[in-house]
Amino acid sequence: MVKMKHLFKIQLAVLASLLLFTSCSDDEAERKIDVKFNAIPKVAGALDASALSGTLVQFTEVRNQDTKSFPLDANGSVIASLPMGVYNIAIEKNLINAQGEEVVISLRMENVNINMAGQVIFCPIRQFVEWHDQYLL
């Protein structure tokens, strides 16, 4: 009888350990999905998307602040493989325009819910031109 109680306690401890490890699994949260990100000018024709080629798009997961970066292609797009979650998205790039002026391309999106494979995110980008310590849109 004592051996049975001891064996039962061991089995119970093993079962509890297995339940603990499987319940703490983060597989669902870490399952990656592919989403398409498109950087588009806020004003049509204001910027050639090929000028953004190679620019890094930063996805920062709100939950844990993990940041992943993906480069834009010549069309201003990228397919990012990310775990499902809520993200802040950012792009910033300095360019020199045809008039020799420095142009800052800036994008910020907050709390973007990424939850579906094949999801497409359209992001209007703003173009700032520095002119005598002022920024003009």
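None of the values given here were measured: they were computed from a predicted structure.
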Atom [atom1] in [X], atom [atom2] in [Y]: separation rounded to 0.5 Å?
X      : Y      : atom1 : atom2 : answer
Leu82  : Tyr87  : CG    : OH    : 4.5 Å
Leu95  : Leu52  : CG    : CG    : 6.5 Å
Leu107 : Ile89  : CG    : CD1   : 7.5 Å
Met84  : Ile114 : CE    : CD1   : 11.0 Å

For residues Lys32 and Ser81, report the shortest heavy-atom separation together with the two atoms involved.
CB-OG, 3.6 Å
Closest non-hydrogen atoms of Val78 and Pro71, given as atom of the first, atom of the second and distance, are CG2-O, 3.2 Å
Do Phe70 and Phe59 make the cut of ring centroids closer than 6.0 angstrom?
yes
Show your reasoning for whether side-chain contact (heavy atoms from CB on, under 4.5 Å) applies to Asn38 and Val120.
CA-CA 8 Å; Asn38 289 325; Val120 179; 3.7 Å; yes
Do [X] and [Y] have side-chain heavy atoms sitting under 4.5 Å apart?
X      : Y     : answer
Gln58  : Glu92 : no
Lys36  : Ser77 : yes
Val112 : Val86 : no
Leu72  : Leu56 : no

Could Lys68 and Glu61 be called an ion pair, given the rule that one side-chain N must be under 4.0 Å from one carboxylate O?
no
Any sub-3.5 Å donor-acceptor pair from Asn88's side-chain atoms to Asn111's backbone N or O?
yes
For the pair Lys93 (side chain) and Ala51 (backbone), establish whether a donor and an acceptor sit closer than 3.5 Å, ignoring hydrogens and angles.
yes
